[in-house]
Asker: 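Dropping a structure here in structure tokens format, bear with me for questions.
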Amino acid sequence: MFFSRMRDLQGVDSLLLKELKSCCAKEYNFLPRETGLKLMESASTESHSGVSAKCRDTRVEELWGLTSFFGYSTQTFVQAVNLLDRFLTIMKVQPKHLPCIGVCCLHIAAKMVEEESNISPTHELIRISQSKFTVSDLCRMEKIISEKLSVEPKVVTALNFLHLYYSAFTSLSAGREEIPSIGRLEAQLKACLCRLVFSKAKPSVLALSLIAQEFEALQSITSLKIIQQFQRHLKISDSELHHWKDLVAKCMTEYCSSECNKPDNKKLVWIVSRRTAQNLQASHFSVPGLPTIPEGSWDESESEDSCEDMSCGEDSPCGSPGSDGEGAFFPSAFLNSRK
């Protein structure tokens, strides 16, 4: 039955179609509880009784910044957001506990996705996130989240469907049609996940909506026909696809505006001790004069010894290695196409 409905996609690898079928069967197991999402939407920002949508969105944007800082993959970020939303929709959480929960979800996701050598130590994660909780607090929270969600390493998210759709389009187009880069589509997905409303969408629908609004902009008739074939197979109605596609387009417009405070462009603010601050102020007014280097007397053997050690001292618990916001929020091609 599955392959009979996919006869229009005969150019797609059979293993890819089997994977798509498997993901469709599992996606409902990883959806946030709808009643919990509605509670967050109705919660007031000033209220201390629960986490509001704005509070949740701010936390997700901060997780995006941490993901970029530590060099984690898009999959790590997407799984962290999925864990966060699922936990917030089944537990009554006070806003003051949200920083610990968010960082913990990122740490759990990193351990599931990243290479062990690429996983940041817990104390470093807490230090960079400027959080006030301890390593013990993070470990206790990790145990609670793991028990409540029955954390599984293979989570089905919109990113899974995005990659499956993209592979199908690549094989079917065979270079005949213009296809947006997967990096561009992943950036758009991350932007959508910073809005609670997209947590209501089924992963398969959200991923197809992202691709559909991109191909509509390219006016690719062949690609739009392939989208319709996926739509028929997944039994996605026209109204459902148009609804989410319009929301995606609106989100992209907002994120491309100059007024938007993008997570990747946020500068990290470092907190230093009073003694360190005083030393910094003193050094600012007492810059020593540098001796003149005579021409022709440079000794290459002394070059390494003459460099000062610029590493952070013990007085400064949060030395700044620079901001992760120097890169573009979206690829330049995305911004140019929207102008």
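Numbering of residues begins at 1 and proceeds along the displayed sequence. Computed over heavy atoms, backbone and side chain alike; hydrogens, waters and symmetry mates excluded.
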Asker: With sequence neighbours left out, what residues match Glu216 under side chain to side chain donor-acceptor pair (under 3.5 Å)?
Answerer: Lys245

Asker: Could you tell me which residues satisfy ring-ring contact (aromatic ring centres under 6.0 Å, His included) with Phe161, sequence neighbours excluded, listed by chain and number?
Answerer: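 Listed in chain order: nothing, the list is empty.
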
Asker: List for me each residue that meets side chain to side chain contact (heavy atoms under 4.5 Å, CB included) alongside Val197, sequence neighbours excluded, and say none if there are none.
Answerer: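 Residues passing side chain to side chain contact (heavy atoms under 4.5 Å, CB included) with Val197: Arg195, Trp244, Leu247.
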
Asker: Drop me the distance from Glu114's CD to Gln75's CD, to the nearest 0.5 angstrom.
Answerer: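 Answer for the CD-CD pair, Glu114 versus Gln75, is 8.0 Å.
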
Asker: My understanding is that a hydrophobic cluster links ILVMFWY residues whose side chain heavy atoms are under 4.5 Å apart, including indirect links. Using that, what else belongs to the cluster containing Tyr28?
Answerer: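 Hydrophobic cluster check, Tyr28: joined to Leu31.
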
Asker: Where the side chain of Ser131 meets the backbone of Phe133, is there a donor-acceptor pair that is under 3.5 Å apart?
Answerer: no

Asker: Give me each pair satisfying ring-ring contact (aromatic ring centres under 6.0 Å, His included) with a member in residues 77-105, each pair once, sequence neighbours excluded.
Answerer: Trp64-Phe77

Asker: Output all residues satisfying ring-ring contact (aromatic ring centres under 6.0 Å, His included) with Tyr165, sequence neighbours left out; order by chain, then residue number.
Answerer: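 ring-ring contact (aromatic ring centres under 6.0 Å, His included) check on Tyr165 returns Phe230.
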
Asker: Check this for me, if you would: do Arg127 and Glu124 make a salt bridge, where the nitrogen-to-carboxylate-oxygen distance has to be below 4.0 angstrom?
Answerer: yes

Asker: Can you tell if the side chain of Pro203 reaches within under 4.5 Å of the side chain of Phe30, non-hydrogen atoms only?
Answerer: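 They are not in side-chain contact.
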
Asker: Test side-chain hydrogen bond (donor to acceptor under 3.5 Å, both in side chains) on Ser73 and Thr76 and set out the steps.
Answerer: CA-CA 5 Å; Ser73 64; Thr76 297; 3.2 Å; yes

Asker: Once rounded to the nearest 0.5 Å, what's the spacing between atom SG of Cys251 and atom CG of Asp246?
Answerer: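 Result: 13.0 Å between the selected atoms.
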
Asker: Could you tell me whether the side chain of Val155 reaches within less than 4.5 Å of the side chain of Leu83, counting heavy atoms only?
Answerer: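 Answer no - side chains too far apart.
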
Asker: Which residue in the set Leu224, Ile179, Ile227 passes side chain to side chain contact (heavy atoms under 4.5 Å, CB included) when paired with Ile211?
Answerer: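 For Ile211, the side chain to side chain contact (heavy atoms under 4.5 Å, CB included) check succeeds only for Ile227.
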
Asker: Which residues pass the side chain to side chain contact (heavy atoms under 4.5 Å, CB included) test with Lys225, not counting sequence neighbours?
Answerer: Ile221

Asker: If you look only at pairs with a residue in residues 129-153, which of them pass as a salt bridge (charged side-chain N to carboxylate O under 4.0 Å, His left out), with sequence neighbours excluded?
Answerer: Lys111-Glu142, Asp137-Arg140

Asker: Nearest 0.5 Å please: distance from the CG atom of Leu84 over to the OG atom of Ser199.
Answerer: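 Answer rounded to 0.5 Å: 8.5 Å.
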
Asker: Output the distance between atom CD (Glu186) and atom CZ (Arg184), rounded to the nearest 0.5 Å.
Answerer: 13.0 Å

Asker: Out of curiosity, Gln188 CD to Leu162 CG, how far, rounded to the nearest 0.5 Å?
Answerer: 9.0 Å

Asker: Any non-hydrogen side-chain atom of Cys104 less than 4.5 Å from a side-chain atom of Leu138?
Answerer: yes

Asker: Checking Phe215 now: which residues fulfil ring-ring contact (aromatic ring centres under 6.0 Å, His included) with it, not counting sequence neighbours?
Answerer: Phe169

Asker: Applying ring-ring contact (aromatic ring centres under 6.0 Å, His included), name anything that partners Tyr72, two or more places apart in sequence or on another chain.
Answerer: Phe70

Asker: With sequence neighbours left out, write down each residue that passes side chain to side chain donor-acceptor pair (under 3.5 Å) with Ser204, or none if nothing qualifies.
Answerer: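 Only Glu27 meet the side chain to side chain donor-acceptor pair (under 3.5 Å) criterion with Ser204.
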
Asker: Is it true that atom NZ of Lys26 has more than 12 heavy atoms of other residues, nucleotides or ligands lying nearer than 6.0 Å?
Answerer: no

Asker: Using the salt bridge (charged side-chain N to carboxylate O under 4.0 Å, His left out) rule, collect all pairs that involve residues 72-90, keeping only residues at least two apart or in two chains.
Answerer: Arg56-Asp85

Asker: So does Ala53 get a backbone contact from the side chain of Glu41, meaning a donor-acceptor N/O pair under 3.5 Å?
Answerer: no

Asker: Is the closest side-chain heavy-atom distance between Thr35 and Thr89 below 4.5 Å?
Answerer: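 Heavy-atom side-chain distance check fails, nothing below 4.5 Å.
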
